[in-house]
Each structure stands twice: as C-alpha cells, then as structure tokens.
Amino acid sequence: MTDLYRLLPEEMEQLVMDMGYPRYRADQILLPLYYKFPKDLNDIPQLPKKLRDDLIAGGYTIGSAKEIHRIVSEDGDTTKLLLNLTDNNSVEAVLMQYDPSKIGGHPRSTICVSTQIGCAMGCVFCATGQMGFETNLKAEHIVSQVIHFAEILQQRGEHVTNLVFMGMGEPMANYDEMIRSVKILTHDRGFGLGQRHITISTIGIKSGIEKLAEENLQIGLAISLHAPNNALRKKLVPTASPNSVEEIIELGGNYFKKTGRRVTFEYALMAGVNDSPEIATELARLLKGNGSHVNLIPINPTAGDFQRPSEKNILEFERILSEAGVNCTVRIEKGTEISAACGQLRTDLAGQTGPNFSKS
Ligand code: SAH
Ligand code: SF4
C-alpha cells in the first residue's frame, strides 16, 4: 500500500506515466488532494475510471487522519487534536489562531505537527520525552496532520498560514521523512505553503541542522537551548552530549550564514532551575552580538516537578537579555488549560487525568 500523500508531484507524474497515462493526469490527482481533500480515489470523479481502478489495484490509497479527541480552548483560539493515522498510531496536532485585534499583525492559523510518537531525547520537563521513543512517523502521516486541519479551516473559509514542527518528537531524528513532508507541503503543485512560513524546532542535532542548511530551502530554524552551560543543559536534556552549548550556537550561526534565515533559541523557563538573574546574565554573555533571537517559554508543568516562574522573574529574565542587546520575546501562551504542550494530551488521556475531553 502506498499513500498518495507520500508522493512528490514529480513522483506522481512518473507514476501515472509508468501506468501508461499522459503526464497531465498527475495534476488531476494533485489538485483535488491538496484543495478538496478526498478520502478515497473514487472521490476524484474527474479521473478516468480506468486510472482510478489501476491505482487501487496497484495498492495506492488516500490516507486520512481520524480524530479521536478534540479539545478547544475557552477563547476558541487553540484546537488540539489526538489523531489516529493510517497505521493506528495516535498523534497530537494543534491549531493555534492569532487574532489580529488582540495582538496586531495579520490573522494567522498555525499548525503544530508531530514527527514521532514519543521521543528518545528524554528532556526531563517534556511529557513526550518522558514517554520514551515509540516510532517515527512517515512523511504522509505528517502531511495528513496538516491536511486534516486544512479541511477544518476550509469549512470556515480560512486556511493554513504557518506550520511549526513543534509537536511530539525530534524532527531531526526522523530527518528523511520530515524533509519529504516539507517538500510536499511547500511544493507549488503540492500543498503550496511558503517555505518562510515553516519553522522546524530541534533539540540541536548537529547532522540534521547541517543537512537542513544544505537543502536550499528558506525554512526557519528554532533550537531548544534551555541552559547557558553544559552542566545545567545536561540535567535538562540528558542526551545533550556530545553537542556542547557552544557548538549548538555555532551551528545556529552557520545555518544563518548559509540560509539567511535567523535562528531562534528556545528557552523553557523553569522556576528555581534556569530562571535566575545570574543564569540570564550568563545566557546574555553567550548570545550577545551574534544576532540570534531568544524565545522564552514559561514551562507548562507536564512532566517532573517543574513550575513556571513568577511573572516578575520572567520579566526580569527578559530585561537582562534585552538590556544586553539580545533580541528576546516571551512566547504568547496558547492553550495552556487544554494541555497544549508537547505530548501532554496523549499522556493525559493515557492516565485519564486531564480536563474534560469532548469526544469528537
Ligand atoms: N523536539 C523538538 C521539537 C518538539 S518540542 C525540540 O525539542 O525542539 C517543541 C518545543 O516545546 C521545545 O522548545 C520544547 O522545549 C518545548 N516544550 C516541551 N515540553 C514543554 C513544556 N512542558 N512546557 C513548555 N514547553 C515545552
Ligand atoms: Fe523530545 Fe523535544 Fe520533548 Fe526534548 S523537548 S523530549 S527533544 S520532543
């Protein structure tokens, strides 16, 4: 069985030509796949019946994600889904909408996708990390998460504007499938999302960052740093070695040089762990002058015994960085009350300890 959402447009063309049909038939599959979201080959009536039958006989299918649970934040801006993918794995995907009347700018509908079930990196504050690694998602399963939300948005007359790889798993540890999904989602004959509207978040896997820099794509990169020195980082990210903090910052710099895309360093702020003024000063010293951007994420208490710092401490941390000339923002919290942090919904459901879930 091959899911048609796995194929790049060029591969789709090759497929129909190998089956003895003219090249243009590929577009008659691609257009509906990315704009009408059929569930079945028979939902594409403009395709000749013989081609549909040949594709079905050849084991080609159209995969779709099935919603197991949907929870929506009180303000309606965040929708978190637990999706069943074709191989019966459940995975989290989140839609975050930003209302310009509240924060300015343009309306945005950002999808956050998962790339793995679980994660081998074991970050101590992360629900996914504490789950351990289960499996890598295939490219088509990453694409399906976006398609599922695209269909929901289309029904409201809206569309996907941004995509972040910040759900469950470490994207660089599933590089080939992750990058295939990016190429399909950004292809102008695929889903057609602008490369600049995509951000990949990584714990800092060197080989992955280096490969991504060579792809000739305008993708944004976020590196999860969480600490200004190796001793503290190792406590929070047990698999952190052999990449030192200095090496990670250098990797970010090289990515910027190669792509022209500025790198964001993510920093999950945990009370009494990595939020002191001394640590802020150390972080400022480390990043000063290299043009990087820091995104402070007050922790969402999900795993371990970590607490969010007080607002006063968060602002003080931000002030120290800003005054040292380090560009810095505090992430706007989206969907905290619906467990929007990475891996949390699946964990909550496993223990049935979460808020009230509405079955979809
Ligand atoms: N594995 C990648 C991408 C997925 S995690 C990475 O680590 O970057 C995406 C982001 O969510 C990371 O910055 C991670 O630090 C953050 N995160 C994980 N658990 C969190 C929690 N409990 N509260 C706030 N942010 C969290
Ligand atoms: Fe994996 Fe990212 Fe969670 Fe760390 S924060 S365990 S790298 S998903």
Side-chain angles (χ1 to χ4, degrees), residues 78 80 91-94 96 110-137 142 145 163-175 178 181-182 198-206 208-209 212 219-227 232-241 243 248 251-252 255 263-271 273-275 293-309 314 329-348 354:
T78 308
K80 181 157 189 167
V91 81
E92 295 181 17
V94 186
M96 294 162 289
T110 301
I111 310 294
C112 172
V113 290
S114 296
T115 51
Q116 299 182 313
I117 314 261
C119 181
M121 306 311 292
C123 301
V124 292
F125 51 85
C126 169
T128 308
Q130 294 309 301
M131 214 184 269
F133 173 73
E134 285 184 28
T135 184
N136 279 325
L137 291 181
I142 302 171
Q145 296 170 57
L163 174 62
V164 294
F165 285 72
M166 293 188 184
M168 295 165 69
E170 170 48 46
M172 300 301 188
N174 185 16
Y175 189 88
M178 178 276 289
S181 74
V182 166
I198 296 184
T199 301
I200 293 172
S201 175
T202 175
I203 199 66
I205 295 184
K206 184 174 181 201
I209 297 174
L212 188 67
I219 305 283
L221 180 68
I223 305 181
S224 297
L225 189 62
H226 309 315
L232 180 56
R233 190 164 195 269
K234 180 90 180 139
K235 283 191 192 146
L236 302 175
V237 185
T239 56
S241 56
N243 299 137
I248 285 173
L251 282 168
Y255 187 84
V263 174
T264 297
F265 290 102
E266 292 167 294
Y267 192 101
L269 270 175
M270 294 164 244
V273 176
N274 65 354
D275 68 333
H293 180 102
V294 176
N295 197 354
L296 298 173
I297 316 164
I299 194 92
N300 206 340
T302 63
D305 203 10
F306 298 100
Q307 298 304 323
R308 176 174 295 203
I314 297 171
T329 46
V330 180
R331 180 177 291 176
I332 309 161
E333 279 302 314
K334 302 291 287 178
T336 309
E337 89 281 12
I338 63 160
S339 313
C342 173
Q344 220 182 330
L345 173 59
R346 198 167 180 266
T347 311
D348 281 348

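All heavy atoms count here, side chains included; hydrogens, waters and symmetry mates do not. Both ligands and their constituent atoms are indexed starting at 1 by order of listing. In this chain, residues are counted from 1 in sequence order.
Of all the heavy atoms of C123, the ones lying under 4.0 Å from any atom of ligand 2 are found in both the backbone and the side chain. Heavy atoms of T202 found under 4.0 angstrom from ligand 1 belong exclusively to the backbone. Counting heavy atoms closer than 4.0 Å to ligand 1, residue A268 contributes nothing at all. Neither the backbone nor the side chain of F306 comes within contact range of ligand 1; no heavy atom lies under 4.0 Å.
Heavy atoms of C119 come nearer than 4.0 angstrom to ligand 1 in no pair at all. By the 4.0 Å heavy-atom criterion, A127 is excluded from the residues contacting ligand 1.
Geometrically, ligand 1 and G167 share no nitrogen or oxygen pair separated by less than 3.5 Å. When only interatomic distances are considered, the shortest N/O to N/O separation between G169 and ligand 1 falls below 3.5 Å.
Side-chain contact check for P298 versus V330: some heavy-atom pair is nearer than 4.5 Å. The shortest distance between side-chain heavy atoms of S224 and S201 falls below 4.5 Å. At least one side-chain heavy atom of M172 sits less than 4.5 Å from a side-chain heavy atom of L212.
A donor atom on one side chain and an acceptor atom on the other are not found under 3.5 Å apart for S114 and E92.
Remark: F125 pairs with H226 by the ring-ring contact (aromatic ring centres under 6.0 Å, His included) rule, at least two apart or across chains. Contacts of T202 classified as side chain to side chain donor-acceptor pair (under 3.5 Å), with partners at least two apart in sequence or in another chain: E170.
Side chain of Q130 to backbone of C123: a donor-acceptor contact under 3.5 angstrom is found. A distance-only check finds a donor-acceptor pair linking the side chain of N174 to the backbone of T115 [under 3.5 Å].
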Stepwise, does the side chain to side chain contact (heavy atoms under 4.5 Å, CB included) test hold for I111 with Q145? CA-CA 9 Å; I111 310 294; Q145 296 170 57; 5.6 Å; no
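Residue nearest to atom 15 (O) of ligand 1, selected from M270, E266, H226: H226 (by heavy-atom distance). Nearest to atom 2 (Fe) of ligand 2 by heavy-atom distance, out of G169, S201, S224, is G169.
Here C119 fails the criterion, with no N, O or S atom under 2.8 Å of atom 3 (Fe) of ligand 2.
Of all the atoms in ligand 2, the ones that sit under 4.0 Å from a non-hydrogen atom of G129 are 6 (S). Taking every non-hydrogen atom of M121 and a distance limit under 4.0 Å, the qualifying atoms of ligand 2 come out as 1 (Fe), 7 (S).
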